[in-house]
*Asks:* 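Would you mind keeping the following structure in view while I ask a few things?
Below, chains carry the letters A, B, ... as their sequence lines are ordered, and counting in each starts from 1.
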There are 2 protein chains.
Amino acid sequence: MPVSELSSTAQDYLKLIWSATEWADKPITVGVMAERIGVKPSTVSDGIKRLAAQGLVTHAPYGSIELTEAGREHAVAMVRRHRLLETFLVEILGYGWDEVHDEAEVLEHAVSDLMVDRIDRLLKHPSRDPHGDPIPPAVGTPAATVGFQLDQAKPGSQVTVTRISDEDPDMLRYFTELGLAPESRLTVRERRPYADVTTVRIHGQDSDIALGTTAAAAIWVVA
Amino acid sequence: MPVSELSSTAQDYLKLIWSATEWADKPITVGVMAERIGVKPSTVSDGIKRLAAQGLVTHAPYGSIELTEAGREHAVAMVRRHRLLETFLVEILGYGWDEVHDEAEVLEHAVSDLMVDRIDRLLKHPSRDPHGDPIPPAVGTPAATVGFQLDQAKPGSQVTVTRISDEDPDMLRYFTELGLAPESRLTVRERRPYADVTTVRIHGQDSDIALGTTAAAAIWVVA
DNA sequence: CACCAATGTTAGATCACTCTAACATTTATC
DNA sequence: GATAAATGTTAGAGTGATCTAACATTGGTG
């Protein structure tokens, strides 16, 4: 999976497009991309055009954005880098899991394929990163996603956290405070439909925790 | 030492200008910079002008290139990053000392100050990188250079290698083959003035090694 | 179904970096 | 010290990324 000859903005775009389909299957929009990357929609529109010219995405004006096979390969390679780096930062350099995202975001464009391999070896080929996201293998297809979002869980059910979205460091710090992490066992207490609040009890703790939609949607669980 | 707001080309220029005065004291020229960085002289000329506009160097057209205090600080911070990264790659990721230069060259622009600190801590605050170059401290003045180049050494003298320039990986691989590294003890056998060859014997080996000027100038020694 | 709001695209600028080609200056040599 | 060679600078152009502002399209609502 060669990666080097792409600009780092191009790599960001591809990764973001791929990521949108990893957990949810709704296609990503120019507006959402712009917001995530922190640029104006016109910039993204422009960038997508360049990507299309390079055969990495297909996109007709006002149409949907789809990765080509080449685009998907690049994207998955970037996701692999990102997640290996996050794992590395936590395991080897002692980062907190709330600190790794931004660092990995920059590093993923700088490390060589050789370094990615060395990190993979040093970590003994990890299959999940510190947030529970699966690390795509160097060759072959990425692990299929499992589970569902906590805001979809039935009140009364018991679930295990498999993944927590790493997008928002503040939210991660909050989860850390609560003692909520991948592998945590939870009992879903109730959901107030109009308040959009999901209440859960972490096993081993003696009080309930109320989570808003954003927080509950960032947490993926299995029954 | 803030570094972030500078482009990575600007950082490269500053590091290169500083490096030129670390071992030799001859001022660097536009041509040499262009060659080292791998761009045309016109590009460097242009870049220097931008650096001057930012108050990082002083430079009048056709004149010499000098770092300002701000420029020097940035440069030293980059050198610190570079050398810590090289050490890290060798110590933690098992790189060969001939493989680290190019990787560090890219990474030095990507790692955060936090990561530099963590690496420094993990390595227990090393004072020299794998080639024997001193690692500038986070605060305070860099270690003064000691020693002289092997091509200046008197025939018959015994010397210890303190540093080997990391510029040329092929040369480093050659030195590795020879068993020549920082800390090696050598006896200088002879120098043929017009052949520009320095012959040395590595202690513990039973044959002499002939080194051309480029090689001998890349090796720094103390008596 | 017509219209408006939301969303996306294009146009026109700017900036950093790069090139080639032309021009200027410095230095080295005879 | 005049001239040629080496070195450095400027001019003009292209690319990618970004912006703002104007324009276009789509989709939902009355």
Side-chain angles (χ1 to χ4, degrees), chain A residues 2-17 20 24 26-67 70-71 74-75 78 105-106 108-110, chain B residues 2-17 20 24 26-67 70-71 74-75 78 105-106 108-110:
Chain A
V3 158
S4 18
E5 63 289 342
L6 250 50
S7 73
S8 78
T9 23
Q11 292 174 345
D12 282 340
Y13 285 11
L14 294 175
K15 184 162 64 98
L16 189 49
I17 297 165
K26 48 185 171 201
I28 197 158
T29 66
V30 169
V32 170
M33 286 184 68
E35 211 243 296
R36 285 291 200 79
I37 294 172
V39 298
K40 300 292 169 193
S42 58
T43 305
V44 172
S45 192
D46 220 85
I48 295 288
K49 227 187 318 184
R50 270 194 298 273
L51 249 31
Q54 291 170 85
L56 296 164
V57 303
T58 56
H59 176 61
Y62 302 100
S64 67
I65 301 163
E66 306 276 357
L67 292 172
H74 281 291
M78 289 316 295
E105 201 68 37
V106 178
E108 67 192 12
H109 303 299
Chain B
V3 158
S4 16
E5 64 288 344
L6 250 50
S7 73
S8 78
T9 21
Q11 292 174 344
D12 282 340
Y13 286 11
L14 295 175
K15 185 163 63 97
L16 188 49
I17 297 166
K26 49 184 173 202
I28 197 160
T29 65
V30 170
V32 170
M33 287 184 68
E35 212 244 296
R36 285 290 200 77
I37 294 171
V39 299
K40 299 294 170 192
S42 57
T43 305
V44 172
S45 193
D46 220 83
I48 295 288
K49 227 187 318 184
R50 271 195 298 273
L51 250 31
Q54 291 170 84
L56 297 164
V57 302
T58 57
H59 175 61
Y62 301 99
S64 67
I65 300 162
E66 307 275 359
L67 292 172
H74 281 292
M78 291 315 295
E105 201 67 39
V106 178
E108 66 192 15
H109 304 298

*Asks:* Please name the pair of heavy atoms, one in A/His109 and one in A/Glu105, separated by the smallest distance, quoted to 0.1 Å.
*Replies:*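 Between these two residues, the closest heavy atoms are CD2-O, 3.2 Å.
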
*Asks:* Under 4.0 Å between any heavy atoms, over every strand shown, what does A/Thr9 touch: base, sugar-phosphate, or nothing? Just pick one.
*Replies:*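 Here A/Thr9 touches the backbone only, sparing every base.
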
*Asks:* For B/Tyr13 and C/dC17, what is the distance between atoms OH and P respectively, to the nearest whole Å?
*Replies:*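 Rounded to whole Å, this separation is 7 Å.
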
*Asks:* Decide side chain to side chain contact (heavy atoms under 4.5 Å, CB included) for A/Arg36 and A/Ile28; before the verdict, give the C-alpha distance in whole Å, the side-chain angles of both, and the deciding distance to 0.1 Å.
*Replies:* CA-CA 11 Å; A/Arg36 285 291 200 79; A/Ile28 197 158; 5.8 Å; no

*Asks:* Say whether, by atom type as modelled, one donor and one acceptor occur between the side chain of B/His59 and the main chain of B/Glu66 under 3.5 angstrom.
*Replies:* no

*Asks:* Below the 4.0 Å mark, does D/dT9 have OP1 or OP2 next to a side-chain nitrogen or oxygen of B/Ser45?
*Replies:* yes

*Asks:* As a test of reading the structure: which of C/dG8, D/dC19, C/dC17 is closest to the side chain of B/Arg50, going by heavy atoms?
*Replies:* C/dC17

*Asks:* Can you tell me how far C1' of D/dT7 sits from CD1 of B/Ile28, to the nearest Å?
*Replies:*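 Rounding to the nearest Å, CD1 of B/Ile28 and C1' of D/dT7 are 15 Å apart.
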
*Asks:* Which one, D/dT26, D/dT18, C/dT18, comes nearest to the side chain of A/Val39?
*Replies:* D/dT18

*Asks:* Quick one: is D/dT9 close enough that its OP1 or OP2 comes under 4.0 Å of any side-chain N or O from B/His59?
*Replies:*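 Checking D/dT9 against B/His59, a side-chain N or O does come within under 4.0 Å of OP1 or OP2.
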
*Asks:* I'd like to know if B/Ser42 reaches the base of C/dT18 with its side chain, counting only an N/O donor and acceptor under 3.5 Å.
*Replies:*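 Between C/dT18 and B/Ser42, which were checked side chain against base, a qualifying N/O pair under 3.5 Å is absent.
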
*Asks:* Grab the NZ-C1' distance between B/Lys49 and C/dC15 for me, whole Å please.
*Replies:* 14 Å

*Asks:* Starting the side chain at C-beta, find the nucleotide from C/dT18, D/dT10, C/dG8 nearest to A/Val30.
*Replies:*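 Taking heavy atoms from C-beta onward, the closest nucleotide is C/dG8.
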
*Asks:* Given atom NZ of B/Lys40 and atom P of D/dT9, what is their separation to the nearest angstrom?
*Replies:* 16 Å

*Asks:* Want to settle it: does A/Ala10 or A/Tyr62 sit nearer the 5' end of DNA chain D, counting the closest nucleotide to each?
*Replies:*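 In this pair, the answer is A/Ala10.
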
*Asks:* If you apply the rule side chain to side chain contact (heavy atoms under 4.5 Å, CB included), what do you find for A/Arg50 with A/Thr9, and how did you get there?
*Replies:* CA-CA 11 Å; A/Arg50 270 194 298 273; A/Thr9 23; over 6 Å; no

*Asks:* Rounded to the nearest Å, what distance is computed from the CD1 atom of residue B/Ile48 to the P atom of nucleotide D/dT7?
*Replies:*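 Rounded to the whole Å, the gap is 17 Å.
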
*Asks:* Please determine if a side-chain N or O atom of B/Thr29 lies less than 4.0 Å away from the OP1 or OP2 oxygen of D/dT7.
*Replies:*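 No, no such contact exists.
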
*Asks:* Could you state the CE-C1' distance from A/Met33 to C/dT7, rounded to the nearest angstrom?
*Replies:* 15 Å

*Asks:* To the nearest Å, how far apart are B/Leu56 CG and C/dA16 P?
*Replies:*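 So the CG-P distance, B/Leu56 to C/dA16, works out to 13 Å.
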
*Asks:* To the nearest angstrom, how far is A/Asp46 atom CG from D/dT15 atom C1'?
*Replies:* 12 Å

*Asks:* Under 4.5 Å between any side-chain heavy atoms of A/Ile37 and A/Thr43, yes or no?
*Replies:*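 Side chain of A/Ile37 against side chain of A/Thr43, heavy atoms only: no contact under 4.5 Å found.
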
